[in-house]
2 protein chains.
Amino acid sequence: MFIIVMPSATVENYLKCILMLSMECKGAEVPMGLIANSLGVTPGTATSMMKNLQREKWLTYKSRKGVTLTASGKKLGMRMIRRHRLLETFLVETLGLDWSEIHDEAEELEHSISEKVLERLDVFLGNPQHDPHGHPIPTKGGVIRKLPQKTLLDSLLGKKMKIESILDQGSDFLKFAQKKGLMPGKMITIIKRDKMADTIELQLEKKSKFSLGFKSAEKILVSG
Amino acid sequence: MFIIVMPSATVENYLKCILMLSMECKGAEVPMGLIANSLGVTPGTATSMMKNLQREKWLTYKSRKGVTLTASGKKLGMRMIRRHRLLETFLVETLGLDWSEIHDEAEELEHSISEKVLERLDVFLGNPQHDPHGHPIPTKGGVIRKLPQKTLLDSLLGKKMKIESILDQGSDFLKFAQKKGLMPGKMITIIKRDKMADTIELQLEKKSKFSLGFKSAEKILVSG
DNA sequence: GTCATAATTTTGATTAATCAAAGTAATGCC
DNA sequence: GGCATTACTTTGATTAATCAAAATTATGAC
């Protein structure tokens, strides 16, 4: 006889959080600090939880290094992202809730909605590809449809984008880009676009703002 | 500064369960045994939980007697019944789930859906009065709309009904009714209706089946 | 009324998730 | 390269919810 133990809401939250961090911040391992921080728990709590999660094969944990999700960990994390984004879509599209309120609501519901109800909801909503914030909804199989890439020049103001690649392979521009931190994987936001001055003002993650000419901005592919 | 402590899902379950038991089975107190039984916990667990619930003013507990809900206990219990029934309605009406599957789904969701989302759902569904099983949905204020009363003769086959009152006040019939257990508050189900024999076959709670003539059946008012 | 049986309460333990605070390791600045 | 700062781990305690099993109290049949 098998007993299927459902992961607790807490486990689901940790895995979703770790998956999202691992997608945003490059590097093999996700460090403890980020995890504790984004879940709002003390570092000690995060450490001890990681040991449990490792014991249950959701991830591997290297002391003072960080964690890496296993295949099943990624799968569960993706499932949670799917749930969250489908629920957000439902709350906005069907019930007319406000953009600003839906995150917390979905955060609660995502742990108690069953697979069956979720798939019905997906059909009811017409298999949406994106949630109300524009984030892609992973498929049932756990695949995130790749977002179309655009150049930084064509992107929306104020939207957090992910740098996908640098088109100019000349070492000068690459060196410049690296120095500024303009590297694939980093998140970037356009603060201002000044047509007269032929510049866009950028904010790279937590770093200070800086500007780029239109010509250079066209060399940077982003998504998101 | 106030901190509003949300009752846990466990507390919500206990109170909903106790409220339902108190409506089905009359008597001032709901006995421990029933509670432990319907929640599937050991008697000891129920006892210790009742002490906590009493400390938090959800009910009053008399040792070896049972418990009675306070006003706030009733209110929370009603709120849970409302949630449950509205969710069941949504699952059937909107998502097309099967009658048989919805109970467990709703049982989970009722603890994580917010007041706001619930009221939106209510509007979306057109303020339904009954869930798919025909049970009345309490109002937002926690009032259960009284079900119309019918005579036992006019009631549906196989539906569990609550005995509301006995019309014939003659002591003979009352004595007979009492002996059979046909008393207000008891739950009764019509097993069979036999027009030729002029009888209906009844099942009273856990007792054995018995029959009643059409004429007598008309003297018993039921609801539900 | 007296026991056997049933109902309830007590007691002692367990598990998951958390925190505070103390201890240890790594990073990085001059 | 040494020491301050930051990051992480350990330890010991707490809380809610639960069980098993022992102890107690009611109930009911005779």
Side-chain angles (χ1 to χ4, degrees), chain A residues 3-18 21-22 25 27-68 73 76 80 107-108 111-112 206-207, chain B residues 3-18 21-22 25 27-68 73 76 80 107-108 111-112 206-207:
Chain A
I3 304 176
I4 299 171
V5 182
M6 289 291 255
S8 68
T10 309
V11 168
E12 291 180 339
N13 272 336
Y14 273 89
L15 293 176
K16 185 181 69 164
C17 168
I18 293 167
L21 290 174
S22 77
C25 330
E29 288 104 358
V30 181
M32 291 299 100
L34 278 184
I35 299 169
N37 215 248
S38 32
L39 288 169
V41 298
T42 60
T45 302
T47 298
S48 85
M49 196 64 190
M50 290 314 115
K51 290 177 179 172
N52 300 338
L53 294 178
Q54 169 157 258
R55 188 165 27 75
E56 287 157 17
K57 306 265 170 57
W58 296 113
L59 47 75
T60 58
Y61 161 61
K62 285 193 203 133
S63 190
R64 288 175 202 274
K65 273 288 155 66
V67 298
T68 321
L76 181 51
M80 296 318 293
E107 202 74 5
E108 283 297 310
H111 304 295
S112 44
K206 269 146 225 151
K207 304 220 176 67
Chain B
I3 304 176
I4 299 170
V5 183
M6 290 291 255
S8 68
T10 309
V11 168
E12 290 180 341
N13 272 336
Y14 273 88
L15 292 176
K16 185 181 68 164
C17 168
I18 293 166
L21 290 172
S22 78
C25 331
E29 287 104 1
V30 181
M32 289 300 101
L34 277 185
I35 298 169
N37 216 248
S38 33
L39 287 169
V41 297
T42 60
T45 301
T47 298
S48 84
M49 195 66 190
M50 290 314 115
K51 290 178 180 171
N52 299 338
L53 294 178
Q54 168 156 260
R55 188 165 27 76
E56 288 157 15
K57 307 262 171 56
W58 297 113
L59 46 74
T60 58
Y61 162 61
K62 286 194 202 129
S63 192
R64 288 177 200 274
K65 274 288 156 63
V67 297
T68 322
L76 181 51
M80 296 318 293
E107 201 75 5
E108 282 297 311
H111 304 296
S112 43
K206 269 144 226 153
K207 305 220 178 65

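Reminder, nothing fancy here: chain letters follow the sequence lines and each chain counts from 1. Treat the numbers as computed from the prediction; the structure is a model and nothing was measured.
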A/M32 has a side chain; which of D/dC8, C/dT8, C/dT18 sits nearest to it? D/dC8
If you look at every strand shown and take non-hydrogen atoms under 4.0 Å, does A/G44 touch a base, only sugar-phosphate, or nothing? base
Without decimals, in angstroms, what is the distance between A/M6 CE and C/dT15 P? 22 Å
Regarding the side chain of B/T45, the nearest nucleotide among D/dT9, D/dC19, D/dA26 is D/dC19
Please report the distance, rounded to the nearest Å, between CG in B/L39 and C1' in C/dT8. 16 Å
What is the separation between atom NZ on B/K65 and atom C1' on C/dA7, rounded to the nearest whole Å? 13 Å
Please determine whether a side-chain nitrogen or oxygen atom of B/S63 lies at a distance below 4.0 Å from atom OP1 or OP2 of C/dT9. yes
Rounded off to whole Å, could you give me the NZ-to-C1' distance for the B/K51 and C/dT9 pair? 6 Å
Could you tell me which non-hydrogen atom of A/P7 sits nearest to which non-hydrogen atom of A/L76, and how far apart they are? CG-CD2, 3.7 Å
Separation of atom CG in B/N37 from atom P in D/dC19, rounded to whole Å: 12 Å
For the side chain of A/T10, starting at C-beta, report the closest nucleotide among D/dA17, C/dT10, C/dT18. C/dT18
Within the pair B/Y14 and D/dA16, is there a side-chain N or O less than 4.0 Å away from OP1 or OP2? no
I need the CD1-C1' distance between A/I35 and D/dA7, as an integer number of Å. 13 Å
Verify side-chain contact (heavy atoms from CB on, under 4.5 Å) between B/T47 and B/M32, making sure each step is shown before the conclusion. CA-CA 7 Å; B/T47 298; B/M32 289 300 101; 4.3 Å; yes
Please report the shortest heavy-atom distance between B/E29 and B/K65, naming the atom on each side. CB-O, 4.1 Å
Distance, rounded to the nearest Å, where A/R64 contributes CZ and C/dA26 contributes P: 6 Å
Can you tell me the distance, in whole Å, between the NZ atom of B/K62 and the C1' atom of D/dT25? 17 Å
Carefully, step by step, assess A/L53 and A/Y61 under the rule side-chain contact (heavy atoms from CB on, under 4.5 Å). CA-CA 9 Å; A/L53 294 178; A/Y61 161 61; over 6 Å; no
Most 5' of B/A46 and A/N52 on DNA chain C, judged by nearest nucleotide: B/A46
With a cut-off of less than 4.0 Å, is there a side-chain N or O of A/S8 near OP1 or OP2 of C/dA17? yes
Counting side-chain heavy atoms from C-beta on, which of D/dA17, D/dT9, D/dA20 comes nearest to A/T47? D/dT9
Closest non-hydrogen atoms of B/S22 and B/V30, given as atom of the first, atom of the second and distance, are CB-CG2, 3.6 Å
